[in-house]
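Structure record follows, encoded as structure tokens.
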Protein chains: 2
Amino acid sequence: MGRRADHSRAELREIIISEGHRQMHEVGFAHFSAREVAKRVGYSIGTVYNVFGSYDGLILAINGRTLELWLDYLEARLCALDVDDDRLRGAIDAYFEFAIINRHAWAALYDFRLPDDIEPPEYYRQKVIAIMTVVEHEVAALLKVSRRSEAPELTRSLLATVHGHCFFTLNGTFRMLEEKDPLAAARARVADALARYW
Amino acid sequence: MGRRADHSRAELREIIISEGHRQMHEVGFAHFSAREVAKRVGYSIGTVYNVFGSYDGLILAINGRTLELWLDYLEARLCALDVDDDRLRGAIDAYFEFAIINRHAWAALYDFRLPDDIEPPEYYRQKVIAIMTVVEHEVAALLKVSRRSEAPELTRSLLATVHGHCFFTLNGTFRMLEEKDPLAAARARVADALARYW
DNA sequence: CCTTTTAATTGAACACTGTTTACTTTTACC
DNA sequence: GGTAAAAGTAAACAGTGTTCAATTAAAAGG
């Protein structure tokens with residue numbers, strides 16, 4: 001078959017990302033298959049390559065979608081809190097919750113790695129930075145004015161801290177080590193750091 | 001061919017793990033191939049399945065080897081320090097160094113995940129605990145006596161903290177976020193936590 | 001020592017994977 | 001209407017993990 005008028009390029013892109021994301025959510029990165037996605041959206045595998053260029057391109061697009069959903073989840077949570085609430089705690093909880101609810105899609109963000117010599121596309125970087133920026137805003141609000149300029153580096157470090165706890169929770173390391181309350185531990189480490197910045 | 005007297009079961013196991021680990025070190029989890037390992041050790045793929053039961057069994061054995069090497073690396077580092085040195089800092093540095101030197105094999109520890117309903121074998125769990133125990137010893141030494149009993153939970157949390165920083169360093173997240181000195185950040189977060197336990 | 005049992009080893013077969021490419025069909029444009 | 005470009009297909013290729021009947025060599029039994 002040749003060119004069909006079923007969908008525009010943009011629509012087709014959206015359909016494949018959407019079904020691909022569903023697939024990733026259900027079976028996880030290890031069992032994800034580009035061919036299976038093609039089959040489910042009713043196009044051939046060749047078309048998927050036509051739109052995304054490569055397998056890596058498809059995965060990046062799907063992971064990009066996950067990052068968008070993550071940002072939405074985080075913003076929705078913060079939106080529900082006022083300025084008096086412990087908003088950073090809310091952000092940490094949202095980090096864990098999103099990862100647990102969408103564990104396969106979330107894990108795929110880290111299971112997939114580009115070849116060593118290839119940089120992620122700019123659109124992907126922007127989505128990561130967007131999440132970091134939201135958190136940074138909350139971190140900055142908790143620092144004394146004289147140290148506000150350190151908010152970016154502290155935020156990166158706190159993200160890594162929370163990520164480590166979240167990752168060990170979802171990959172089974174904490175189960176092996178009999179850790180019962182990883183979320184509380186993550187909150188405690190963040191509190192420890194902030195105590196020194198005020 | 002049938003039964004050969006070339007190697008005992010234990011020798012064969014060792015040969016395959018050793019070559020498998022070399023392979024993992026070179027090409028990483030994504031491009032690792034059990035068939036390729038079989039070819040390189042001069043046995044058929046069927047024999048590999050005979051010895052390890054499954055692909056997952058082989059990967060667990062290889063990752064187990066990585067954990068052994070990691071423990072050795074950590075102990076060698078601590079052995080070179082005396083009681084007056086900042087031994088915990090040495091342990092953190094060794095964590096990063098090992099991960100960087102053996103990045104593919106190290107990443108495979110986290111790239112690979114067992115099916116949700118399957119627990120890792122006891123031998124694997126023991127190796128993880130062994131690493132944690134070495135660190136716990138150093139953490140306990142830095143706590144005031146009245147809080148020594150909290151060493152295990154604090155150690156788990158500090159491991160997660162350092163892991164998060166190390167992971168973000170190696171998977172490119174910190175490059176995207178323009179973090180220049182992840183190791184210093186990891187050390188700082190550990191120091192923040194310890195400041196509250198003394 | 002010779003036979004039988006048993007364990008080890010093989011390689012072909014199967015159903016999948018990502019990737020490339022020659023080919024066909026449709027659309028858009030002159 | 002004819003032509004060039006774009007879109008889409010499906011087959012081919014070289015891999016993968018996994019299974020299993022067949023084969024062979026060592027061990028055990030008499």
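Residue numbers begin at 1 in each chain, while the letters A, B, ... track the order of the sequences. Quick note: numbers below take in every heavy atom, side chains included, and nothing from hydrogens, waters or symmetry partners.
If you measure from atom CZ of B/F29 to atom P of D/dT16, you get 14 Å, rounded to the nearest angstrom. With rounding to whole Å, B/L58 atom CG is found 13 Å from D/dT18 atom C1'. Between A/Y55 atom OH and C/dC16 atom C1' there is a gap of 13 Å when expressed in whole angstrom units. If you take CG of B/D6 and P of C/dT9, they are 8 Å apart, rounded to a whole angstrom. If you measure from atom NE2 of A/H7 to atom C1' of C/dT26, you get 16 Å, rounded to the nearest angstrom. Rounded to whole angstrom, the span from the CD1 atom of A/I59 across to the P atom of C/dT17 amounts to 13 Å.
The closest side-chain donor-acceptor pair between A/T173 and A/N171 falls under 3.5 angstrom.
Between A/Y197 and A/E150 there is a side-chain heavy-atom pair separated by less than 4.5 Å.
Checked against a 6.0 Å centroid threshold, the rings of A/H163 and B/F167 count as neighbours. When ring centroids are compared, B/H165 and B/F96 stay outside the 6.0 Å threshold.
DNA chain D is contacted by A/R35, A/Y43, A/S44, A/G46, A/T47, A/N50 of residues 31-53 of chain A, taking any non-hydrogen atom closer than 4.0 Å.
B/Y95 and B/W106 have perpendicular rings, their planes meeting at more than 60° on a 0 to 90° scale where under 30° would count as parallel.
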For this session: List the steps, then state whether side-chain contact (heavy atoms from CB on, under 4.5 Å) holds for B/E68 with B/H21.
Result: CA-CA 12 Å; B/E68 288 166 20; B/H21 190 270; over 6 Å; no
